[in-house]
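Chain naming here is simple, since letters A, B, ... match the order of the sequence lines and numbering starts at 1 in each.
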Number of protein chains: 2
Amino acid sequence: MILKQDAESPAEATSKGPPKPRLTAGQQSVLDVLQHQSQPLSAQALHGLMRRQQPIGLATIYRALDALKLLGLVQHRVTLTGETLYSAVEHDHHYLTCLQCGVSVPVDTCPVKELEAQLQGASSFRIYYHTLEFFGVCDQCEV
Amino acid sequence: MILKQDAESPAEATSKGPPKPRLTAGQQSVLDVLQHQSQPLSAQALHGLMRRQQPIGLATIYRALDALKLLGLVQHRVTLTGETLYSAVEHDHHYLTCLQCGVSVPVDTCPVKELEAQLQGASSFRIYYHTLEFFGVCDQCEV
DNA sequence: TCAGGAATGATAATCATTATCATATTGCAA
DNA sequence: TTGCAATATGATAATGATTATCATTCCTGA
Ligand SMILES: [Zn+2]
Ligand SMILES: [Zn+2]
Ligand SMILES: [Zn+2]
Ligand SMILES: [Zn+2]
């Protein structure tokens, strides 16, 4: 039993951009978890978290994440191990990752927002989010 | 039969940073192809390209790409379909990608180089490259 | 209330990447 | 130069995250 709560639902009041369709139960549920999460989560991690409170199938989570990306509500990034991590678009977090041991440290700056605004105007795209990640080798792994 | 050609081999002369080990035949071969390629390639695409001239196993290509990343000679990015694309580090290309149809358009600016230099100094990492990609919906796919 | 369409869930299928392991090559010491 | 240990290679099996499938359930609007 999943309750719809559109308290934080997409801008329908301040109709900025095309009207967003109502979210399905699964989408609402997934979005809610991501919005209250400080760290990005994989689909399977979401499944593990959600299944106790609100039983939901893994396939539904994948579908919800896809839909939420398309609505500009969720963003993704891919780890070195190949799993995709999702977070609410509001969270703009970037990392510096070691190619050897995989350790990631957060980068608190983001020099991309301005360029994103420029591109938004110059291109025919509606831009929702960006990924920015640095790769190298940490001193632990240095030869 | 793969010939070693270290014309463009890693900085050994201007010993900047730790001395890089010699490349194996497979690594040299893969690096050479990537350096003469203007577009990023997947491991399997590389295999398709290389197997005619220089027969080489797919596993070897994956291993070479891993090693070359660790040496700071090759960079990677992951497409929406989950395949990893590789290119020589010299090429700093970024894209704006549609989440719906997958079309990618190049972005010619990069506001990250400066931040990368800062991080290089501030962190204990040796930073080799970065990924930067914008995601949204193209006008074709717009509702 | 009922039919058509969309959403869901369990599970099978996909497919890029990794692990395995036997063989080939390389670098180096004797 | 020869012999050997360490490393690299290739074919292939195994892995694992994601996607496709399909039967069932839920919604919605006539
Ligand atoms: Zn490390
Ligand atoms: Zn950012
Ligand atoms: Zn599109
Ligand atoms: Zn760049």
Side-chain angles (χ1 to χ4, degrees), chain A residues 1-4 6 20-33 40-71 74-86 99-102 143, chain B residues 1-4 6 19-33 40-71 73-86 99-102 143:
Chain A
M1 181 194 302
I2 298 176
L3 302 179
K4 291 190 181 179
D6 49 16
K20 313 273 175 131
R22 291 222 171 284
L23 302 185
T24 68
Q27 290 164 11
Q28 272 291 349
S29 192
V30 168
L31 179 59
D32 192 59
V33 173
L41 291 178
S42 70
Q44 308 206 35
L46 273 167
H47 191 224
L49 274 185
M50 297 175 67
R51 65 185 326 168
R52 52 185 75 169
Q53 300 292 357
Q54 315 292 342
I56 184 176
L58 182 56
T60 301
I61 291 183
Y62 276 108
R63 282 187 287 241
L65 289 169
D66 263 347
L68 291 171
K69 275 197 305 179
L70 239 26
L71 291 172
V74 161
Q75 64 178 308
H76 84 282
R77 83 182 179 99
V78 179
T79 70
L80 282 183
T81 63
E83 52 178 11
T84 303
L85 304 184
Y86 302 86
L99 291 164
Q100 176 77 87
C101 68
V143 285
Chain B
M1 180 191 304
I2 298 176
L3 302 179
K4 289 190 183 179
D6 48 16
K20 313 273 176 129
R22 291 220 172 282
L23 300 184
T24 68
Q27 292 164 11
Q28 272 290 350
S29 193
V30 168
L31 178 59
D32 192 58
V33 173
L41 291 178
S42 70
Q44 309 205 33
L46 272 167
H47 191 223
L49 274 185
M50 296 176 67
R51 63 186 325 167
R52 53 186 75 170
Q53 301 291 357
Q54 315 293 342
I56 184 175
L58 182 55
T60 301
I61 290 182
Y62 276 108
R63 282 187 286 240
L65 289 169
D66 263 347
L68 291 170
K69 276 197 304 180
L70 239 26
L71 291 172
L73 298 172
V74 161
Q75 63 178 307
H76 84 283
R77 80 182 182 101
V78 179
T79 70
L80 282 184
T81 64
E83 52 177 11
T84 303
L85 304 184
Y86 302 85
L99 291 165
Q100 177 78 87
C101 67
V143 287

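- B:Tyr62 has a side-chain polar atom (N or O) that falls below the 4.0 Å cut-off from OP1 or OP2 of C:dT17.
- In this structure, A:Ser42 does not reach the D:dA17 phosphate: none of its side-chain N or O atoms is under 4.0 Å from OP1 or OP2.
- Between B:Arg51 and A:Leu58, the one whose closest nucleotide on DNA chain D sits nearer the 5' end is B:Arg51.
- Between B:Leu65 atom CG and C:dT18 atom P the separation is 10 Å, expressed in whole Å.
- Side chain of B:Arg63, nearest nucleotide from D:dG10, C:dG9, C:dT17: D:dG10.
- Atom CG of B:Asp66 and atom P of D:dT9 are 13 Å apart (whole Å).
- Using a 4.5 Å cut-off on side-chain heavy atoms (C-beta onward), A:Leu65 and A:Thr84 make no contact.
- For residues 43-57 of chain B, there are no salt bridge (Lys or Arg N to Asp or Glu O under 4.0 Å) pairs, not counting sequence neighbours.
- For the pair A:Thr84 and D:dT18, the criterion of a side-chain N or O lying under 4.0 Å from OP1 or OP2 is met.
- The side chain of B:Thr60 contributes an N or O atom lying less than 4.0 Å from OP1 or OP2 of D:dG10.
- Regarding A:Gln27, its CD atom lies at a distance of 14 Å from the P atom of C:dA6, rounded to whole Å.
- With B:Leu23 as the partner, the side-chain contact (heavy atoms from CB on, under 4.5 Å) test is satisfied by one option alone out of B:Leu73, B:Asp32, B:Val30: B:Leu73.
- Note: NZ (A:Lys69) to P (D:dT19) measures 8 Å, nearest angstrom.
- Residue B:Thr81 is the one, among B:Thr81 and B:Ala59, whose nearest nucleotide of DNA chain C lies closer to the 5' end (criterion: closest heavy atom).
- Nearest to the side chain of B:Gln44, among C:dT17, C:dT8, D:dG10, sits C:dT17.
- Going from atom CD of B:Gln28 over to atom C1' of C:dT26 covers 15 Å, rounded to whole Å.
- For the pair A:His47 (side chain) and A:Gly57 (backbone), a donor-acceptor distance under 3.5 Å is absent.
- Distance, A:Ile61 CD1 to D:dA17 P: 14 Å, rounded to whole Å.
- Residues B:Tyr62 and B:Leu58 meet the side-chain proximity criterion, which asks for heavy atoms closer than 4.5 Å.
- In this structure, the CD atom of A:Glu83 is 10 Å from the C1' atom of D:dG16, given to the nearest Å.
- C:dA16 atom C1' lies 15 Å from atom CG of B:Leu80, rounded to whole Å.
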